[in-house]
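Residue numbering restarts at 1 for every chain, and letters A, B, ... go by the order of the sequence lines. What you see is a predicted model, and the numbers here were worked out from it, not measured in a lab.
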Amino acid sequence: MPELSKVERMKLPRQSMLEQKPEERKHNFKEVPFGYTPELAIQEAQRCIQCKIPKCVEGCPVEVQIPQFIELITERKFAEASRKIKETNSLPAICGRVCPQEEQCEERCVLGKKFKPVAIGNLERFVSDYERDNNLTELPEIAPSTGKKVAIIGSGPAGLTAAGDLIRLGHSVTIFEALHKPGGVLVYGIPEFRLPKSIVNSEVEYLKKMGVKVMTSHVIGKIDTVDELLNEEGYDAVFIGTGAGLPNFMRIPGENLNGVYSANEFLTRSNLMKAYDFPNADTPIAKGKNVAVLGGGNTAMDSVRTALRLGAENAYIVYRRSQVEMPARAAEIHHAEQEGVQFILLTNPVRFIGNKDGWVEKMECIRMELGEPDESGRCRPIPIEGSNFEIDVDIVVIAIGNRSNPLVVQTTPGLKTNRWGNIIADPETMETSKRGVFAGGDIVTGGATVILAAGAGKKAARAIHDFVMSKK
Amino acid sequence: MVEVLEHYNIGQSNFKIVLAVPKLVKKAKPGQFVVLRVSENGERIPMSIADMDREAGTLTVIYQVIGKTTALLATVKPGEYIMDCVGPLGNPSHVDKKGKYMVIGGGIGIAPIHPVAQKARENGNEVYGIIGARTKELIFFEDEMRKACNRLYICTDDGSYGEKGFVSNVLQRLIDEGDKPDFILAIGPVPMMKAVCETTRPYSIPTWVSVNPIMIDGTGMCGACRVSVGGVTKFGCVDGPDFDGHLLDFDLLTSRLRMYIPQEREAMKKFQEEVHTPYVGPKS
Ligand SMILES: Cc1cc2nc3c(=O)[nH]c(=O)nc-3n(C[C@H](O)[C@H](O)[C@H](O)COP(=O)(O)OP(=O)(O)OC[C@H]3O[C@@H](n4cnc5c(N)ncnc54)[C@H](O)[C@@H]3O)c2cc1C
Ligand SMILES: Cc1cc2nc3c(=O)[nH]c(=O)nc-3n(C[C@H](O)[C@H](O)[C@H](O)COP(=O)(O)OP(=O)(O)OC[C@H]3O[C@@H](n4cnc5c(N)ncnc54)[C@H](O)[C@@H]3O)c2cc1C
Ligand code: SF4
Ligand code: FES
């Protein structure tokens with residue numbers, strides 16, 4: 001490639017990934033984008049002007065060395081680029097797919113002022129896929145055994161990251177996971193068409209190869225408590241990364257009718273239990289003609305796009321604010337629109353109406369208008385009196401957020417929580433109020449992002465290392 | 001993977017299976033349940049704890065073959081493995097001292113009341129039990145229940161064994177005779193639990209039932225197991241499985257259990273076409 005000047009590089013068009021056409025993909029569960037080819041990746045990487053003070057890095061919660069890894073791409077050193085990312089982010093293949101880059105690194109990218117920002121997420125995805133698909137993943141050096149044992153509760157991004165860092169430091173690490181498959185939301189929540197399960201599996205296999213033990217079907221608080229892990233089973237420290245897995249309901253009439261799902265149930269059936277492949281997989285899922293999904297986050301987009309793939313004729317997003325306030329990743333909203341999802345905005349359901357067999361058949365809604373901003377900074381939606389109307393639905397999916405599951409907290413005396421039931425932890429060390437117990441991810445922050453959970457796992461690993469090594 | 005140690009038919013489509021889960025049984029308490037997964041793409045099915053042996057590290061489940069997954073479970077031979085057994089889940093039953101503590105088990109519900117009766121008696125209650133089923137062949141655990149209870153009454157719908165009639169008829173008779181319990185735990189098919197609760201309602205006898213809603217995780221994550229108790233939505237798996245039967249909305253429970261009937265039929269039909277024979281071992 002000829003050397004291009006900075007200005008020429010900035011003016012190169014942003015390369016998009018090839019992807020399945022909306023008409024086709026809305027009938028299958030395969031991943032939507034195919035990813036970059038090496039040539040496209042290099043072209044995109046050339047757009048980066050290698051800022052001395054890279055703004056993009058400031059936008060990244062774990063400070064991935066963005067210009068450095070992008071420069072390696074321009075040199076065709078793809079596996080090296082992936083390893084550069086892994087110095088601070090252990091899950092690049094996942095984050096490249098699910099991070100809200102448009103609010104993080106790409107939002108800050110200087111190119112974004114006049115042109116489109118560098119497609120940092122797409123590049124991250126490309127290099128990590130390249131490394132994995134070509135079997136270039138190297139096992140890192142593992143420090144000599146310290147003889148210390150660490151228990152990790154929960155195998156979401158927080159737990160996986162903490163486990164990976166701790167095993168490298170020479171500790172013996174065991175992950176306890178309640179479900180039968182490790183991965184947390186990455187396996188039970190986020191659908192195959194957005195994050196292939198084989199990628200999560202290969203991350204888990206990688207940890208196992210390094211020596212991490214993974215005990216699935218192990219519910220802490222039931223079969224073991226945190227105190228038993230510490231006092232009876234000889235663990236020197238415990239990391240709690242149990243996520244925010246308790247679904248919120250709307251508390252309106254008709255919510256227990258057949259056909260009304262929590263997003264967790266709907267997505268767990270489809271993803272973890274593979275109900276989309278029923279009857280080849282045994283777990284069923286109800287399919288609807290008219291499916292309404294309530295909410296505007298990633299969970300809502302995943303649910304509505306799953307409903308389409310299960311054969312819905314009309315798939316609606318019903319959201320009480322307007323589109324700009326939707327917390328979902330821009331790419332997901334865009335994909336949903338392309339696939340024909342209908343957005344019913346500034347609308348809130350007030351009750352579900354059932355038929356004689358106990359199945360939901362209609363939903364009564366009320367129109368909303370936006371008032372003053374609330375504590376979240378978003379405009380508060382206010383119902384418009386008398387604006388009620390009904391829509392026909394046969395499936396409703398409630399995707400209005402999750403709270404933390406109290407199983408561990410209730411069985412762990414001395415663990416302090418805030419008023420939402422989240423565990424209180426030091427933001428730098430992830431230490432909790434209980435000695436030897438650390439926590440991070442959604443269980444501390446409430447529903448947040450994969451990268452924040454992974455970042456918390458990383459911080460905790462560092463602090464756990466210091467803690468167990470200073471312990472006699 | 002969990003090893004199956006014993007497995008045999010105990011009458012019609014009822015089976016007894018013994019699993020090697022040493023760590024789990026150390027923690028398990030009467031009234032709790034486990035979630036089993038038989039095969040890789042299999043469903044997760046909740047099953048009550050029917051018996052446990054902490055020394056041997058074994059857990060007994062009694063189940064009825066009613067659909068694809070239970071039919072598949074019935075093909076697993078002793079010495080073979082099932083994918084998972086998670087637990088113990090749910091809250092233990094109330095087994096503290098109540099005085100006259102009655103356990104009522106209908107059909108497959110005889111299984112979970114057995115450990116409850118044992119424990120309640122250990123805790124100083126006068127325990128009396130009523131067990132009932134459609135017909136003689138479906139009565140199991142008679143000896144075990146006689147041992148666990150101070151007194152045991154048996155009935156069958158067709159009169160082929162014990163008294164003729166439903167468990168609620170026996171209960172009504174005992175109440176009429178002045179033999180009124182201080183507390184009842186009734187477990188069985190939804191119509192049976194409902195009938196028991198209607199029988200005791202006029203006498204205000206505290207009557208608890210164990211619910212069997214459709215579940216996935218059993219840890220509070222999905223909400224599939226929603227039930228309504230006194231107008232408030234509860235999760236069967238983490239708030240129950242036992243609830244005050246006088247407050248429970250049985251009709252909602254029945255309706256929600258019917259949610260997947262067409263798919264369940266389809267799955268069973270496909271399974272039967274694939275030719276599977278249940279393992280019918282010798283009775284011990
Ligand atoms: C549908 C959906 C889509 C999302 N999309 C995105 C996205 O596009 N981008 C993004 O950045 N974020 C997204 N998120 C948010 C992101 O997935 C979470 O913030 C992240 O997974 C939190 O990680 P975690 O490790 O804290 O917990 P989780 O991923 O929730 O994992 C916690 C694990 O702990 C286990 N566990 C819980 N209790 C126990 C117990 N008592 N014993 C043993 N194990 C236990 C759980 O089974 C689970 O496997 C999405 C979330 C959902 C639900
Ligand atoms: C806490 C609890 C304890 C239970 N204990 C026992 C027990 O000790 N012995 C026993 O035989 N059965 C028990 N059950 C019921 C048992 O789980 C179901 O019979 C089993 O899941 C049926 O699976 P299947 O695929 O064979 O049948 P399917 O064809 O799937 O279903 C047949 C019927 O079983 C019910 N059912 C289906 N799936 C589930 C599910 N995941 N959870 C609950 N019910 C379901 C529905 O009413 C359905 O119509 C219990 C259920 C619960 C919730
Ligand atoms: S801000 Fe944009 S152009 Fe600058 S280093 Fe980061 S990605 Fe490259
Ligand atoms: S079974 Fe999922 S919440 Fe109860």
Trainee: With a 4.5 angstrom heavy-atom cut-off, is it the side chain or the backbone of Ile223(A) that approaches chain B, or both, or neither?
Mentor: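 Both the backbone and the side chain of Ile223(A) come within 4.5 Å of chain B.
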Trainee: Side chains of Asp84(B) and Thr216(A): donor-acceptor distance under 3.5 Å anywhere?
Mentor: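 Asp84(B) vs Thr216(A): no donor-acceptor pair found between side chains.
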Trainee: Hey, mind stepping through Thr268(A) and Asp217(B) against side-chain contact (heavy atoms from CB on, under 4.5 Å) and telling me if it holds?
Mentor: CA-CA 9 Å; Thr268(A) 299; Asp217(B) 57 304; over 6 Å; no
Trainee: Among the options Met83(B), Arg37(B), Lys68(B), pick out the one with the most heavy-atom pairs lying under 4.5 Å from chain A.
Mentor: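 Between Met83(B), Arg37(B), Lys68(B), the count favours Arg37(B).
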Trainee: Check whether Asn402(A) gets within reach of chain B through its side chain, its backbone, both or neither, counting any heavy atom under 4.5 Å.
Mentor: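 It is neither, since no heavy atom gets under 4.5 Å.
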Trainee: Counting only non-hydrogen atoms closer than 4.5 Å, can you tell me which residues of residues 248-257 of chain B sit against chain A?
Mentor: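 Only Leu252(B), Ser255(B), Arg256(B) of residues 248-257 of chain B have a heavy atom under 4.5 Å from chain A.
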Trainee: Thinking salt bridges, do Arg258(B) and Asp357(A) make one under a 4.0 Å N-O criterion?
Mentor: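 Here Arg258(B) does not pair with Asp357(A) in a salt bridge, since their nearest N and O are not under 4.0 Å apart.
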Trainee: Is Tyr188(A) in contact with chain B via its backbone, its side chain, both, or neither, using a 4.5 Å heavy-atom distance?
Mentor: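 Just the side chain, heavy atoms under 4.5 Å.
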Trainee: Ignoring hydrogens and angles, tell me if any N or O in the side chain of Ser217(A) forms a donor-acceptor pair with the backbone of Cys85(B) under 3.5 Å.
Mentor: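 Checked: no pair found.
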Trainee: So which bits of residues 48-67 of chain B come within less than 4.5 Å of chain A, counting non-hydrogen atoms only?
Mentor: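 Answer by number: none.
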Trainee: Please state whether the side chain, the backbone, both or neither of Leu257(A) comes within less than 4.5 Å of a heavy atom of chain B.
Mentor: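 Answer is backbone: N, CA, C or O of Leu257(A) sit under 4.5 Å from chain B.
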Trainee: So for atom NZ, which belongs to Lys23(B), do other residues, nucleotides or ligands contribute more than 12 heavy atoms lying within a distance under 6.0 Å?
Mentor: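 Above 12, so yes.
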Trainee: Between Ala224(B) and Arg269(A), what is the shortest heavy-atom contact and its length?
Mentor: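 Looking at all heavy atoms of both residues, the closest pair is CB-NH2, 4.4 Å.
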Trainee: Tabulate, in ascending numerical order, the residues of residues 260-267 of chain B having at least one heavy atom closer than 4.5 Å to a heavy atom of chain A, or enter 'none'.
Mentor: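 Within residues 260-267 of chain B, near chain A: Tyr260(B), Gln263(B), Glu266(B), Ala267(B).
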Trainee: Is it the backbone or the side chain of Gln410(A) that comes under 4.5 Å from a heavy atom of chain B, or both, or neither?
Mentor: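 When you check distances to chain B, no heavy atom of Gln410(A) falls under 4.5 Å.
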Trainee: Where does Leu267(A) contact chain B at under 4.5 Å (heavy atoms): side chain, backbone, both or neither?
Mentor: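 For Leu267(A), neither part sits under 4.5 Å from chain B.
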Trainee: Tell me, for Asn256(A) versus chain B, whether the close heavy atoms (under 4.5 Å) come from the side chain, the backbone, both or neither.
Mentor: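 Answer is both: backbone and side chain atoms of Asn256(A) are under 4.5 Å from chain B.
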Trainee: How far apart are the C-alpha atoms of Ile216(B) and Met273(A), what are their side-chain angles, what is the distance that settles it, and do they pass the side-chain contact (heavy atoms from CB on, under 4.5 Å) test?
Mentor: CA-CA 9 Å; Ile216(B) 304 179; Met273(A) 306 309 296; 4.2 Å; yes
Trainee: Sub-4.5 Å heavy-atom contacts with chain A: which residues of residues 26-33 of chain B show up?
Mentor: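 The list, in residue order, reads Lys27(B), Gln32(B).
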Trainee: Is it the side chain or the backbone of Lys270(B) that comes within 4.5 Å of chain A heavy atoms, both, or neither?
Mentor: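 Contact with chain A is through the side chain of Lys270(B) alone.
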Trainee: Which heavy atom of Glu43(B) sits nearest a heavy atom of Pro284(A), and at what distance?
Mentor: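 So the minimum-distance heavy-atom pair works out to OE2-CD, 3.9 Å.
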Trainee: Mind listing the closest non-hydrogen atom pair of Pro247(A) and Gly223(B) along with its distance?
Mentor: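 So the minimum-distance heavy-atom pair works out to CG-N, 4.4 Å.
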Trainee: What are the two closest non-hydrogen atoms of Arg226(B) and Glu255(A), and how far apart are they?
Mentor: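 Shortest heavy-atom contact: NH2-O, 2.7 Å.
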Trainee: Non-hydrogen atoms of chain B under 4.5 Å away: do they reach the side chain of Lys274(A), the backbone, both or neither?
Mentor: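 Interface part for Lys274(A): side chain.
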